There are 2 protein chains.
Amino acid sequence: MELHEAKDKFIQAWGAFGSQWGINRSMAQVHALLLVSPEPLSTEDVMEQLNISRGNANMNLRALIDWHLVDRILKAGERREFFQAEKDVWKVATHITRERKKRELEPMVRFLGELKQTSGTNAETKAFKQMAADLHDLTGRIDAVLERSTRSDVQWFLKAASTLLR
Amino acid sequence: MELHEAKDKFIQAWGAFGSQWGINRSMAQVHALLLVSPEPLSTEDVMEQLNISRGNANMNLRALIDWHLVDRILKAGERREFFQAEKDVWKVATHITRERKKRELEPMVRFLGELKQTSGTNAETKAFKQMAADLHDLTGRIDAVLERSTRSDVQWFLKAASTLLR
DNA sequence: TTGAACTTCCAAAATATACTGAAAGTATAA
DNA sequence: TTATACTTTCAGTATATTTTGGAAGTTCAA
């Protein structure tokens, strides 16, 4: 497979993969494009290479910066900004994990905790509270594992875990 | 909080949470409804309680059965089918994890493996192949951890992991 | 202070996704 | 075999999300 073809397929695949996980296709594609570009790209470059509008490119670049997946680069003598993806995939995974954990998982854990205080003592209420408690426990454990696995040394964790459990 | 209110909030929250992770809102809500219902429900019950159409209820119930999250129940003397959610949240988590791993993660790991064979030896190609290799390694490790953690004894794994890493 | 080069915003349009409801299909009992 | 009770399908509709492109905003050099 040629480099150009491989990059292209990667951008498509990353976009499709992202959208299965609730990340919009363009954002994932912009990210993929920057991942495979050796040099930082300008907004214009992104627009051209992905055939998307200025507004769309801008919005997704900002979102990626917000997620710490992309850095703004200023070149001497150039007014416009360039964008460069973080290439260390472990760092990328860590940032994505921590952000989604904070934005989505933690609020759910909190909510499930509140449900455990539902009033009532009849069988149906008890069953509901048990379900909420189990789910709270489960999500709490997942949260804890993710917290640990992204704290300081991701690589060590995944290596250790996959070895330990062999 | 009253039982009825708590159930309702749970259904809404589960729907919203699901859609953040690429699962459609109705499917997540049907699942939540069945999770909080002590008795199996009929298609009609689901339609009424969630205010959705017959087609929608049917489609999502089938999808949930397909994901092994819901069982069809036949009651003696009743012609219609009833539906009951698997209430063991560890089992639920295991099924969801394994299904998504199989449908989404594994194909991506395979694809990244293929990218490593991109032809070319110049700096840009090398950098690309390195990136693909890193991503392949990362997703492969995640895959391995998920495989282990859902194999036979989930509870043991998460307990062990969260203790080990304290 | 102006104008050029660039970024950001946002209402409207396009697209993708989900939902509806009626009709067709299927199984069972009489 | 027919009527009935239920399930499934699917074309059309509705809703939600994403994208566009022009206008407004910003920055900076002259």
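Bear in mind that the values here come from a model prediction, so they are computed numbers and not experimental data. By convention in this document, chain letters (A, B, ...) are assigned in the order of the sequence lines, proteins followed by strands, and residues within each chain are numbered from 1.
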note: A:N60, atom CG; C:dT8, atom P; distance rounded to Å ~ 13 Å
message: Side-chain heavy atoms nearer than 4.5 Å, only ILVMFWY residues, links allowed to pass through others: does that put A:V46 and A:F82 together?
response: no
| Checking side-chain hydrogen bond (donor to acceptor under 3.5 Å, both in side chains) for the pair A:T125/A:N122: CA distance, chi angles, key distance, verdict? | CA-CA 5 Å; A:T125 308; A:N122 59 35; 2.6 Å; yes
To the nearest angstrom, the CD1-P distance between A:I52 and C:dT7 comes to 14 Å
### Query
Parallel under 30°, tilted from 30 to 60°, perpendicular over 60°: which one fits the rings of B:W21 and B:F17?
tilted
Check your understanding: With no hydrogens and no angle check, is any side-chain donor or acceptor of A:D134 less than 3.5 Å from a backbone partner on A:M131?
Key -> no
Check your understanding: Would you call the rings of A:H31 and A:W14 parallel, tilted or perpendicular, where under 30° means parallel and over 60° means perpendicular?
Key -> tilted
query: Which part of the nucleic acid, if any, lies within reach of B:N58 when heavy atoms closer than 4.0 Å are counted: base, sugar-phosphate only, or nothing?
result: base
In whole angstroms, the gap separating C1' of C:dC6 from CE of A:M59 amounts to 19 Å
Note: chain B reaches DNA chain D at heavy-atom distances under 4.0 Å over the stretch, first to last nt, 5' to 3', of D:dT4 to D:dT9
Checklist entry - Within the distance-only criterion (no hydrogens, no angle test), does the side chain of B:E78 pair as donor or acceptor with the backbone N or O of B:R80 below 3.5 angstrom? => result no
Result for 5'-nearest mapping on DNA chain C, choosing between A:F83 and A:R25, is A:F83
- Checking all strands, does A:R79 fall into the base, sugar-phosphate, or nothing category for heavy-atom contacts under 4.0 angstrom? base
Taking for B:S26 and for A:T43 the nucleotide of DNA chain C with the nearest heavy atom, the one nearer the 5' end belongs to A:T43
Atom CD of B:E81 and atom C1' of C:dT28 are separated, to the nearest Å, by 13 Å
